[in-house]
There are 2 protein chains.
Amino acid sequence: MKHHFLKNDGSVLDKRTRQQMEYIRILSKMNKAMTIPEIAEAVQTSIPTATTIITDLLENNWILIQGKRETGPGRNPAIYSVNTEQFYAIGLIIGLKKAQLVIININQSEVYKKSISDFNLENTKGCLNQLVDFVSACIKEFEASISKVLGLGVGITGRVNVHTGETLNYFNFMEVPFKQYLEARLKIPVHVENDTRITGFTECEFGKGKGSDNIILINLDRGLGLSMVVNGKLLLGNSGFAGEFGHMKFGTKERLCICGKKGCLGTEVSGYALQLDFEEALSKGCQSLLLKEDQGEISFFDILEGANNGDLTSIDLIQAQGLKLGEALGSILNLLNPKDVIVGGSFVVVNDLLLDAIKVGLKKTCLPMVMKECRIMLSELSANMYCRGAASLVLKSHDLI
Amino acid sequence: MKHHFLKNDGSVLDKRTRQQMEYIRILSKMNKAMTIPEIAEAVQTSIPTATTIITDLLENNWILIQGKRETGPGRNPAIYSVNTEQFYAIGLIIGLKKAQLVIININQSEVYKKSISDFNLENTKGCLNQLVDFVSACIKEFEASISKVLGLGVGITGRVNVHTGETLNYFNFMEVPFKQYLEARLKIPVHVENDTRITGFTECEFGKGKGSDNIILINLDRGLGLSMVVNGKLLLGNSGFAGEFGHMKFGTKERLCICGKKGCLGTEVSGYALQLDFEEALSKGCQSLLLKEDQGEISFFDILEGANNGDLTSIDLIQAQGLKLGEALGSILNLLNPKDVIVGGSFVVVNDLLLDAIKVGLKKTCLPMVMKECRIMLSELSANMYCRGAASLVLKSHDLI
DNA sequence: GCCTTTTAATTAAAATTATTATTAATAGTC
DNA sequence: GACTATTAATAATAATTTTAATTAAAAGGC
């Protein structure tokens, strides 16, 4: 595994290098071109010292002069910013049917994007190779030297132990954790995360959670996921398993969950559950517009779309799920008292239909004082954005954002 | 409000003062007498610089020479430690029937202790005055100059907004928050916290949660409280209301909660609930040893004691509560994946009777992978310890522990 | 008991950093 | 357009900090 100038592997660095890294961090965090006096103020050093370090960084091409700032009276200062062509981070989201990759620069601007068209996540050597080759090919195509890549942030579905980099559901057949394997083959530092937690992080960085350091993100898709950001940091849990909301006992139906128990929320609130709900409704004699269209199996996407087209059965089922979700969520809000709750995942297409039902449910269980300052919102981020979030996680790990 | 040498009010300090504070912090955190080379290593400066700053601190009486260290070969170094008579923190726990105060020094050793014998917490000006006078009298009796007191940490029952220092249930009749009022009258910095969160913090600092930065503390007393420590920090929530576990909808009885809803866990798992359970059991014809003793009203303390004496009715009721608590707790564990769960409060007197029942309940709802690494334990801390915890919160806020 | 080894503490010299003064550049004013 | 006010950048000087060298103090071997 190679290391970038901005290494954070715990090795001892000389003072000047540490100073230089600090300057890069300040420039990156501020995310704007800064003058030497501003930088000196920010890093708490004198202007002459700042000048020498800035000159150093300039000579090594880590930063660039962006011109001069137009001020009022007085000499116009030169402004400096990080050289975006020296700092890249890669994000990779591995879904069940899709793998997406994005490369961003230190400004978090997307500079490259690619996805595997026909992907099927399998716990096999072949699938693993396909992913590694894909990432390698992307890096090659982008033509950025490996030495300019700070790292790869991976969001993968299923359970992940962030501390060790192990993935529990996929690529668990190697002797080393997934993270270590990728680092060995790609020669760049790798951060592995659960996909739902990536969505939570992304929402905090780019979405509606921006500016808040205390949010809950619900990922309502085929499954039901939850991630929490507390004190500005992702809540990972002792073994990295935090966020298992789907197994909360709140259900009333007799469905058996994959965890072996009954009453799990995920068996009654999720895309998967919605399909079952629909089948049950039909068997009870409910009518639906969806049946008129001559299609094979009806997926939960179809049901969501049906609701948007006015199909009453679909609407009823989704509202019932929203209500139940809201009620269960109320207990979580009482526990964590978050600033915002953001609901993401495929279900957002039905918009207020879901949101209002959740709010109705919340009222039943959530304490008024907790509800009072808490906003419940739908996510507006795209899948592509989550991929950028995974890349941003790398920047975050270097304290650059 | 006066300020100690170690101020943390955000005012700009000169470089040498900041350095001195850093040295004090290092010495305090290490909690042992250190040699100059060790200190220099810890603060990452050269030995001559460390020597001058240590000399400075010594002259100002902030630190003391503790003698020499006996080493192997080579000259024996002088060892320095913080002057414990310069740094005091006060802890005050305000309960319903008791108010306790403790003064600790920077080593967290108790140097003074006092409590109000006949106290009754009321939301009145009189009660407030009683408390302020009590604290003032203690400071006076201890004869420590106000300038040597870093602050007062208050743990008060009921809801508290840590960010503003407001108390919602008590002393809410002033124009300024409780915290501000105390600061104005006592002239020392004040930190106000919820009593349950104090117990969580204490457990992490002195109790079984020591060394872990990811624990859940259940406070099972007259009421049911919960506090969480995540990433080494108390989870406060956006408005400081985090931890409302008692209103989780898990109940099966028809009891109305003070929140206006039914099914709240706190109405079925708590000391208060235990008394109701007992009355119900009797009305259904259950027998109990407790009735033989000629006493007036039977409190939940009596029932806990009864269980320890073999009273079957008491045992049954407590086990039923433990089971229910365990089941509800399982969902929280799935969500937060803590390292440890520590059960505190008056209920600990029944020991394994409660703990085993909780474990049985947990098995029903908690995911095996979450349970696997999580220890469920009873607290062994005394009320006095929580008071010290409140004081330690002050030290923590100064980054001294 | 004296010498060697080892580590602490002090001192001296070198390097670094900050403060102050000076010069440079720009905008507005008379 | 020259002058003034203002801020940036640089140079010179002062202060601080570090590195290196020296001295001091202790332990152990012969």
Chemist: Report yes if a side-chain nitrogen or oxygen of Q19(B) is closer than 4.0 Å to either non-bridging phosphate oxygen (OP1 or OP2) of dT16(D); otherwise report no.
Modeler: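 Answer no for this pair, as no side-chain N or O of Q19(B) is under 4.0 Å from OP1 or OP2.
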Chemist: Quick one: I39(B) CD1 to dT7(C) P, roughly how many Å, whole number?
Modeler: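 Atom CD1 in I39(B) sits about 19 Å away from atom P in dT7(C).
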Chemist: Among dA9(D), dT19(C), dA24(D), which nucleotide sits nearest the side chain of R75(A)?
Modeler: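 Minimum distance to the R75(A) side chain belongs to dA9(D).
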Chemist: How many Å lie between NZ on K68(A) and P on dA8(D), as a whole number?
Modeler: 11 Å
Chemist: In whole Å, I'd like the distance from the OH atom of Y80(A) to the P atom of dA8(D).
Modeler: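 Going from Y80(A) (OH) to dA8(D) (P), I get 12 Å.
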Chemist: So which nucleotide from dT18(D), dA11(D), dT17(C) ends up closest to the side chain of P48(A)?
Modeler: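 Nearest listed nucleotide: dA11(D).
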Chemist: Please confirm whether the shortest side-chain N or O distance from S46(A) to OP1 or OP2 of dA18(C) is below 4.0 Å.
Modeler: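 True: S46(A) side-chain N/O within range (under 4.0 Å) of dA18(C) OP1/OP2.
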Chemist: Counting side-chain heavy atoms from C-beta on, which of dT17(D), dT18(D), dA9(D) comes nearest to P37(A)?
Modeler: dA9(D)
Chemist: With a 4.0 Å cut-off, would you call R16(A) and D56(A) a salt bridge?
Modeler: yes
Chemist: Out of dA27(C), dT10(C), dT19(C), which nucleotide sits closest to the side chain of I47(B)?
Modeler: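 Of dA27(C), dT10(C), dT19(C), dT10(C) is nearest to the side chain of I47(B).
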Chemist: Between I36(A) and K15(A), name the one whose nearest nucleotide on DNA chain D is closer to the 5' end.
Modeler: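 By nearest-heavy-atom nucleotide position, the 5'-most residue is I36(A).
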Chemist: Rounded to whole angstroms, how far apart are CD on E38(B) and C1' on dT7(C)?
Modeler: 12 Å
Chemist: Mind checking T35(B) for me? I need base, sugar-phosphate or nothing, with any heavy atom below 4.0 Å counting as a touch.
Modeler: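 Touches nothing.
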Chemist: Does a side-chain heavy-atom distance below 4.5 Å link L236(A) with E193(A)?
Modeler: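 Touching, per the 4.5 Å side-chain cut-off.
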Chemist: Does dA15(C) have OP1 or OP2 under 4.0 Å away from a side-chain N or O of R16(A)?
Modeler: no
Chemist: Taking the minimum atom-to-atom distance to the side chain of N76(A), which one of dA18(C), dA27(C), dA9(D) wins?
Modeler: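 It is dA27(C).
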Chemist: Using whole Å, what does the distance between atom P of nucleotide dT16(C) and atom CD of Q20(A) come to?
Modeler: 13 Å
Chemist: Do NZ/NE/NH1/NH2 and the carboxylate oxygens of E205(B) and K210(B) come within less than 4.0 Å?
Modeler: no
Chemist: Could R69(B) and E38(B) be called an ion pair, given the rule that one side-chain N must be under 4.0 Å from one carboxylate O?
Modeler: yes
Chemist: In this structure, how many angstroms lie between the P atom of dA9(D) and the CD1 atom of I79(A), rounded?
Modeler: 11 Å
Chemist: Rounded to whole angstrom units, what separation is found between the CD1 atom of I53(A) and the C1' atom of dA15(C)?
Modeler: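 After rounding, the gap between these two atoms is 14 Å.
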Chemist: Establish, yes or no, whether a centroid distance under 6.0 Å links the rings of Y112(B) and Y88(B).
Modeler: no
Chemist: Give the nucleotide from the list dA27(C), dA27(D), dT17(D) with an atom nearest to the side chain of P73(B).
Modeler: dA27(D)
Chemist: Taking atom P of dA9(D) as reference, at what distance in whole Å does atom CZ of R69(A) sit?
Modeler: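 About 10 Å, once rounded to whole Å.
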Chemist: When you measure from the side chain of A78(B), which nucleotide among dA9(C), dT18(D), dA9(D) comes out closest?
Modeler: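 Minimum distance to the A78(B) side chain belongs to dA9(C).
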